[in-house]
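All of these numbers come straight from a predicted model, not from anything done at the bench. Count residues from 1 along the sequence.
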Amino acid sequence: MSLRSRPRRSFALPTVFGFLLIVLFFSAALTEARCRFPAIFNFGDSNSDTGGFWAAFPAQRGPNGMTYFKKPVGRATDGRVVVDFLAQALGLPFLSPYLQSIGSNFSHGANFATLASTVLLPNTSVFVSGISPFSLAIQFNQMNEFRELVFELGTQDTLPSKHIFGKALYTLDIGQNDFTSNLAAIGIEGVKQYLPQVANQIAWTIKELYNIEGRTFMVFNLAPIGCYPAFLTQLPHNNSDLDEYGCMISYNNAVVDYNNLLKETLQQIQSELQNASVIYVDTHSVKLQLYQHPQDYGLKHGTKACCGSGGGAYNYNPQVFCGNNKNIKGINVTANACGDPQNYVSWDGIHATDAANKIIANAILNGSHFDPPFPLSHLCNLKPIG
């Protein structure tokens with residue numbers, strides 16, 4: 001059965017009475033603390049990496065980081081990623097990458113995400129395909145060892161209390177590379193064959209985190225990759241496959257099918273995990289609106305990259321990544337950043353700009369994209385994000 005033919009189900013909404021009980025219970029907790037969550041532990045890929053990949057493989061260069069940090073800081077964008085904004089809203093510092101040995105502070109959580117990570121174990125080398133060796137299972141193993149060392153070493157200046165693990169927020173923003181890394185080679189139907197394994201591996205990871213005290217999980221769904229400048233340039237399609245906004249219909253439909261599968265899978269494990277909250281976070285719908293209607297959000301360019309080369313509709317050259325230069329047929333080509341990234345949704349053809357990530361984070365924080373509903377604003381006195 002193809003993913004598109006799977007029956008679609010959504011979470012049953014909790015009763016109004018039950019939801020109010022959750023709100024009242026956690027609101028009482030806020031009388032003792034500004035936020036229910038003293039830490040965030042994040043798992044993911046480049047959409048939420050705050051420096052892990054470049055700590056493992058130092059080679060980052062500008063113009064990444066130019067907007068907010070004014071220098072490269074391990075993020076694949078001009079500024080902040082969504083998890084940075086979430087941490088800020090919860091009153092927490094930016095998450096230190098687990099792999100960063102100098103200058104890290106893990107007292108309020110850790111970030112295990114690395115650029116190019118997959119959910120499934122890679123069957124290739126980073127030096128061959130560019131896929132990170134730090135898959136989701138490896139990231140969980142790192143988290144498990146981190147926790148064991150905290151219990152062994154006790155509370156220190158840069159380590160959290162051993163009691164923090166049951167109170168922390170666990171975020172998972174991963175799966176995009178599983179979907180896209182082989183897409184050009186094997187097509188949509190080929191990729192669909194292993195997407196159930198991707199959803200199941202995410203579910204397995206949540207269960208394992210639950211076994212080491214995790215109780216609150218936010219799982220981000222996949223973005224509409226059919227609107228990405230990189231894939232509009234690289235993936236085979238014809239004009240009849242483009243919608244009125246210039247996005248590829250078939251690829252976006254395949255993403256929706258996977259997201260429905262992921263949502264179903266999370267619903268199933270929620271019933272197995274007592275006193276846990278497993279929240280499906282629909283960032284897909286927010287990103288789709290950004291790409292299709294950038295002007296509605298104060299932006300100008302949806303499917304055109306800020307940092308790239310070649311100009312045209314997409315400003316993306318797969319031979320020259322953002323910040324790099326290459327001699328192509330005797331011509332030196334450089335992928336430079338635009339002068340106004342605040343007007344773009346796409347930073348480099350794949351990753352969102354600081355401006356877009358802020359819009360996405362605000363949409364998450366208002367609570368309208370949680371399924372089932374989750375009273376985040378009642379659990380935390382959310383701070384404005386700047």
Side-chain angles (χ1 to χ4, degrees), residues 40-90 92-106 108-118 126 130-132 134 139 142 171-177 220 223 228-230 283 286-287 290 299 305-308 316 321-324 335-338 340-362 364 385-386:
I40 299 174
F41 292 104
N42 182 69
F43 306 82
D45 51 32
S46 55
N47 292 308
S48 60
D49 185 0
T50 55
F53 184 88
W54 299 113
F57 305 101
Q60 194 186 22
R61 64 184 70 182
N64 284 346
M66 61 177 275
T67 298
Y68 182 79
F69 299 100
K70 311 303 181 185
K71 62 179 182 178
V73 288
R75 291 155 174 82
T77 179
D78 62 308
R80 293 155 292 184
V81 292
V82 170
V83 74
D84 288 323
F85 290 108
L86 295 183
Q88 183 182 3
L90 269 57
L92 303 175
F94 293 154
L95 297 183
S96 292
Y98 172 78
L99 294 172
Q100 182 175 285
S101 58
I102 298 176
S104 289
N105 188 326
F106 302 115
H108 294 283
N111 193 352
F112 300 93
T114 65
L115 179 150
S117 285
T118 52
V126 64
I131 295 296
S132 169
F134 304 105
Q139 293 181 27
Q142 292 170 335
T171 53
L172 295 90
D173 187 359
I174 191 168
Q176 182 170 296
N177 295 310
F220 293 29
Y228 282 20
T283 55
V286 184
K287 294 176 181 178
L290 279 172
L299 308 179
C306 166
C307 187
Y316 181 83
F321 296 126
C322 176
N324 292 313
N336 292 315
C338 63
D340 58 339
Q342 72 276 7
N343 290 322
Y344 286 74
V345 177
S346 180
W347 165 239
D348 58 4
I350 295 177
H351 306 99
T353 59
D354 180 275
N357 282 330
K358 181 179 179 179
I359 294 168
I360 295 163
N362 269 319
I364 295 169
I385 57 178

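- Pairs of residues two or more places apart, or lying in two chains, that qualify as salt bridge (Lys or Arg N to Asp or Glu O under 4.0 Å) and include a residue from residues 65-77 are Arg75-Asp84.
- Side chains of Trp54 and Asp49: a donor-acceptor N/O pair is absent below 3.5 angstrom, by distance only.
- In this structure the side chain of Phe69 reaches within 4.5 angstrom of the side chain of Phe94, judged on heavy atoms.
- Listed for the Ser48 side chain is no donor-acceptor partner under 3.5 Å among the backbone atoms of Val83.
- Nearest heavy atoms, Phe134 versus Ala56: CE1-CB, 3.9 Å.
- For the atom pair Gln176 CD and Ile350 CD1, the distance stands at 7.0 Å (nearest 0.5 Å).
- Partners of Ala116 under the side chain to side chain contact (heavy atoms under 4.5 Å, CB included) rule, at least two apart in sequence or in another chain, are Ser132.
- Here the closest non-hydrogen pair linking Ala305 and Pro229 is N-CG, 3.9 Å.
- Remark: Pro72 pairs with Gln60 by the side chain to side chain contact (heavy atoms under 4.5 Å, CB included) rule, at least two apart or across chains.
- Remark: Phe85 pairs with no residue by the ring pair (Phe, Tyr, Trp, His ring centres under 6.0 Å) rule, at least two apart or across chains.
- Taking CG from Asn362 and CD1 from Ile385, the interatomic distance works out to 3.5 Å, rounded to the nearest 0.5 Å.
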Practice task
Check step by step if side-chain hydrogen bond (donor to acceptor under 3.5 Å, both in side chains) holds for Ser96 and Asn105.
Solution key: CA-CA 6 Å; Ser96 292; Asn105 188 326; over 6 Å; no

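- With sequence neighbours excluded, the residues forming a side chain to side chain contact (heavy atoms under 4.5 Å, CB included) with Ala356 are Leu290, Val345, Ala352, Thr353, listed by chain and number.
- When the ring pair (Phe, Tyr, Trp, His ring centres under 6.0 Å) test is applied to Tyr344, the partners found at least two apart in sequence or on another chain are His301.
- For the 3.5 Å distance criterion, the side chains of Thr171 and Asn42 qualify, holding a donor opposite an acceptor.
- Taking the side chain as every heavy atom from C-beta outward, Gln342 and Thr67 never approach each other to under 4.5 Å.
- Partners of Tyr228 according to the ring pair (Phe, Tyr, Trp, His ring centres under 6.0 Å) rule, which considers only residues two or more places apart in sequence or in another chain, are Phe231, Tyr291.
- Between Gly386 and Lys358 the shortest heavy-atom distance is C-NZ, 3.8 Å.
- Partner of Trp347 under the side-chain hydrogen bond (donor to acceptor under 3.5 Å, both in side chains) criterion, chosen from Asn357, Asn64, Asp78, Thr77: Asn64.
- With contacts defined as side-chain heavy-atom distances shorter than 4.5 Å, the pair Phe53/Val126 qualifies.
- Across every non-hydrogen atom of Leu86 and Ile40, the tightest pair is C-CD1, 4.4 Å.
- Checked against side chain to side chain donor-acceptor pair (under 3.5 Å), Asn324 has the following partners two or more places apart in sequence or in another chain: Arg61.
- For Asp173, there are no side chain to side chain donor-acceptor pair (under 3.5 Å) partners, not counting sequence neighbours.
- Side-chain contact between His351 and Val81 is absent, with no heavy atoms from C-beta onward closer than 4.5 Å.
- Contact between Ala337 and Met66 at its shortest, heavy atoms only, is CB-SD, 3.7 Å.
- With contacts defined as side-chain heavy-atom distances shorter than 4.5 Å, the pair Asn47/Val82 does not qualify.
- Take Phe106 and apply the ring pair (Phe, Tyr, Trp, His ring centres under 6.0 Å) test, not counting sequence neighbours, and it matches Phe146.
- Ring planes of Phe112 and Phe43: parallel class, angle under 30° (limits at 30 and 60°).
- Remark: Cys322 SG to Cys307 SG, distance under 2.5 Å.
- Considering only residues two or more places apart in sequence or on other chains, Asp354 meets the salt bridge (Lys or Arg N to Asp or Glu O under 4.0 Å) condition with Arg80.
- Residues passing the salt bridge (Lys or Arg N to Asp or Glu O under 4.0 Å) test with Asp45: none are found, sequence neighbours excluded.
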Problem - side-chain contact (heavy atoms from CB on, under 4.5 Å) between Leu90 and His108, intermediate numbers included - result: CA-CA 11 Å; Leu90 269 57; His108 294 283; over 6 Å; no

